[in-house]
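Report on one structure; see the data block that follows.
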Number of protein chains: 4
Amino acid sequence: MTTQSRKSPDAARRSEASRRAILTAAFELVGEVGYAKLSIEGIAARAGVGKQTIYRWWPSKGAVLFDAFLALTEGQDGREAALPDTGDLEADLKTVLRATADELNDPHYDEPMRALNTEILQDPALAAAYAEKLDGPMKELKKERLRSAQRAGELSDDLDLDLAVEMLWGPLRTRWLERGGPLTHAYADRIVETALNGLRHRA
Amino acid sequence: MTTQSRKSPDAARRSEASRRAILTAAFELVGEVGYAKLSIEGIAARAGVGKQTIYRWWPSKGAVLFDAFLALTEGQDGREAALPDTGDLEADLKTVLRATADELNDPHYDEPMRALNTEILQDPALAAAYAEKLDGPMKELKKERLRSAQRAGELSDDLDLDLAVEMLWGPLRTRWLERGGPLTHAYADRIVETALNGLRHRA
Amino acid sequence: MTTQSRKSPDAARRSEASRRAILTAAFELVGEVGYAKLSIEGIAARAGVGKQTIYRWWPSKGAVLFDAFLALTEGQDGREAALPDTGDLEADLKTVLRATADELNDPHYDEPMRALNTEILQDPALAAAYAEKLDGPMKELKKERLRSAQRAGELSDDLDLDLAVEMLWGPLRTRWLERGGPLTHAYADRIVETALNGLRHRA
Amino acid sequence: MTTQSRKSPDAARRSEASRRAILTAAFELVGEVGYAKLSIEGIAARAGVGKQTIYRWWPSKGAVLFDAFLALTEGQDGREAALPDTGDLEADLKTVLRATADELNDPHYDEPMRALNTEILQDPALAAAYAEKLDGPMKELKKERLRSAQRAGELSDDLDLDLAVEMLWGPLRTRWLERGGPLTHAYADRIVETALNGLRHRA
DNA sequence: ATCTAACCGAGACGGTACGTCGAGTCTTGAA
DNA sequence: TTCAAGACTCGACGTACCGTCTCGGTTAGAT
């Protein structure tokens, strides 16, 4: 977020130490006590920081959480990652979806991620920021892999790539959100097969 | 919900008028002030009811909201509805998905539904109740239509129907949750076509 | 004070235990930490009471303090006290003024009384309440003794009794407020003599 | 005040413009918002000055206010004033007390003066400074007039002049502090008469 | 004529307390 | 026993100021 507050504090004088302490505290706390019991007051206390320092730089609890996630991904930065591309689309997609399933199963990420999704649900501004800063880059990688498959003739040229990505990763995400069942590798594989081949019966 | 409280109040003496007033007030309020500002106190005041009457019969804010939704669907009850089945699966699915899109676009349902989803995200018990009482019956109707298509040879016999339903309705729901774009009829149609035919290019 | 709050809480349901705990805590705290550092939060914590319970019944810190004093004097109630009247006005007044000086010298009363005066200085409503409930009864006793002296021919009939009281007790009070010097019995005696005889030289 | 701070700032480099701006701002603000809502931040903002500049030169809010009053009286300085001395003590005292009453009635001085008195009540150091710098010189003038009356045989030689001053000006000041009634010329006159003649009845 | 140490405006910082809201519990009196 | 009403303790909210602490930028006075 790092949205400009109405009084426009002087970002040049901002304390980097406090910023980091706040993001770390927020991320840890949401994992420990859950999102519902996460409070600005608690974050400030854990971070050893005045509440005002949080209110000065973030408009809401959700914005802090969002920046905490951003800070995490920034740690992985500079790598300009790409999805695996062995030439076998189906195999590659299975590899990636299995990894996604594993990540979602990691209890370390479950509660914070769930918390972030809760906020996104309620806050359009946060949803937009999420789409742009966190989900966007990853989605671009996915689409790039699909584009590569289009060039290789595996996927049709007029495919809606956004929709394709949604159809591949959506079921996993939905099952996670709604706790609709276990996120197994077998499930990941079945999604890939079903999406690629379509629902329709073929003779 | 109507979960049993630990003191197990005597349901026989329960005031039906208060129950209805509470559910109505909850549904209206969540639409007016949003989920974040919805409070038990506010519901009680609007319903002209003591707070204790709410705490006596419901374990949480989310449970009240959930029952409010249940009450809505019960109003439509007794009809044993089914999805349209003209013999043309693709056309039927488009019809239904367009209707779903329209419903999600209805501002009257947007905020309450979003609120319910927020709670479900955080509360596994509520998620289970939602899956069983609200989403379940509708999902069964969808799967029934697909089963009919299997019988007609339009869909393969070994298709995972749950996954199929997710693949058809998931994108619409995800786009709505994340406010990822307009929910148009054209989008609904494209989902159906893509899901049925699969992503893979065919010669 | 016990001023009516705007929401007019139901005094019948008021917790007497909380009320007493609050007044006691306020009185003790002001003696321990001084008026400047006296806080509603501190009073609530010491009294084992929610802040809201204070805000519900009192409009300000000063009003609590005032009621704390009222409660003290009510403890001495039922006695219908009167000032000593031996027939010798000068001796009686010296007795009473010496007692007043002793009281002001008592460190137990100094800080709370000073605190109350601070509030009175700033708050006209509180000043009026003080004049009526705390200072008034005592002043009436003083005037009654002077009236008795008028009847005995010791004081002239057209004397302004309010002014007389002020002239007798004022110097003591002012010296105390301004810390203008020690409040000795000798000083008390000199006040009485000077006030009774007047400043003017007599042949 | 101008009390030495522990870091002993270099008074030679002190900005006179800032000092004046601070004192002016403090005096104006206390008149506008009242003493309770007077804040160092507010003064600094109004004066266009950094907070540190206030903390560097004054130890407390009260000290600033005190200096603001000092600055006012310094404006009237260099004249070596004296109270009127026509030879008629009673008339002269009535003149001066009427003037005092008028001053206390001036709303322009009421709030600031009340604020200063509030601080004096709580802060012994400030009380001493007040007694020495502000009240002292004026009291000396009053005592000088009384001494002149002693020489003229109007007042007895063994009169306690401090007590006499207190007895004359005290009632006015007390009535003002406690808002005990209107400060009229008639009241001023009655004080003088009562104090001079004493309370005692004379045949 | 520069150097340099202080003051200066500005304002971020860790804190304390404010006065308010709502949570969930408890008590009272009427039905 | 349920209900409306609402007082209670408690915890968090978001704000206002506290007094301390840099940060650059002036602005002397001593070199």
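In what follows, chains are A, B, ... by sequence order, proteins preceding strands, each numbered from 1.
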W57(A) side-chain N/O to dC13(E) phosphate OP1/OP2 under 4.0 Å
yes
I need the CD1-C1' distance between I54(B) and dG6(F), as an integer number of Å.
14 Å
In terms of the nearest nucleotide of DNA chain E, which residue is placed more toward the 5' end: G50(D) or G48(A)?
G50(D)
Given that A47(A) and E41(B) both sit by DNA chain E, which one's nearest nucleotide is further toward the 5' end?
A47(A)
Atom CG of L116(C) and atom CD1 of I120(C): how far apart are they, to the nearest 0.5 Å?
4.0 Å
Below 4.0 angstrom from OP1 or OP2 of dC3(F), is there any side-chain N or O of R56(B)?
yes
Side-chain N or O of T53(B) less than 4.0 angstrom from OP1 or OP2 on dA4(F)?
yes
Report yes if some heavy atom in the side chain of L72(D) is under 4.5 Å from a heavy atom in the side chain of Y109(D); otherwise report no.
yes
Ignoring hydrogens and geometry beyond distance, is the side chain of Q52(C) in donor-acceptor contact with the base of dC21(E) at under 3.5 Å?
yes
Under the 3.5 Å rule, do the base of dG14(F) and the side chain of K51(A) count as making a donor-acceptor pair?
yes
Report yes if the distance between the aromatic ring centroids of Y130(A) and F69(A) is under 6.0 Å, otherwise no.
no
Any chance you could list the contact pattern along nucleotides 23-31 of chain F? Use B for base contacts, S for sugar-phosphate-only contacts and - for none, protein heavy atoms under 4.0 Å, 5' to 3'.
B---BB---
Mapping S15(B) and L38(A) onto DNA chain F by nearest heavy atom, which one lands closer to the 5' end?
S15(B)
Among K51(B), K61(B), R46(B), which one satisfies salt bridge (charged side-chain N to carboxylate O under 4.0 Å, His left out) with E41(B)?
K51(B)
Length of the OH-P vector between Y55(D) and dA10(E), whole Å:
16 Å
Tell me, please, whether W57(B) has R13(B) positioned over its six-membered ring: NZ or CZ under 6.0 Å from the ring centre and within 45 degrees of its axis?
no
Let me know the distance between CD1 of I43(A) and C1' of dG14(F), rounded to the nearest Å.
14 Å
Within this structure, what is the CD1-to-P distance between I22(A) and dG14(E), rounded to whole angstrom?
7 Å
Separation of atom CZ in R20(C) from atom P in dC8(F), rounded to whole Å
15 Å
Out of dC17(F), dA17(E), dG9(E), which nucleotide sits closest to the side chain of S18(D)?
dG9(E)
Salt-bridge present (E111(A), R114(A); N to O < 4.0 Å):
no
Suppose we screen for salt bridge (charged side-chain N to carboxylate O under 4.0 Å, His left out). Which residues come up paired with R179(D), at least two apart in sequence or across chains?
none
Whole angstrom value for the distance that separates C1' of dG19(E) from CD1 of I40(C):
9 Å
Within this structure, what is the NZ-to-C1' distance between K37(A) and dC10(F), rounded to whole angstrom?
13 Å
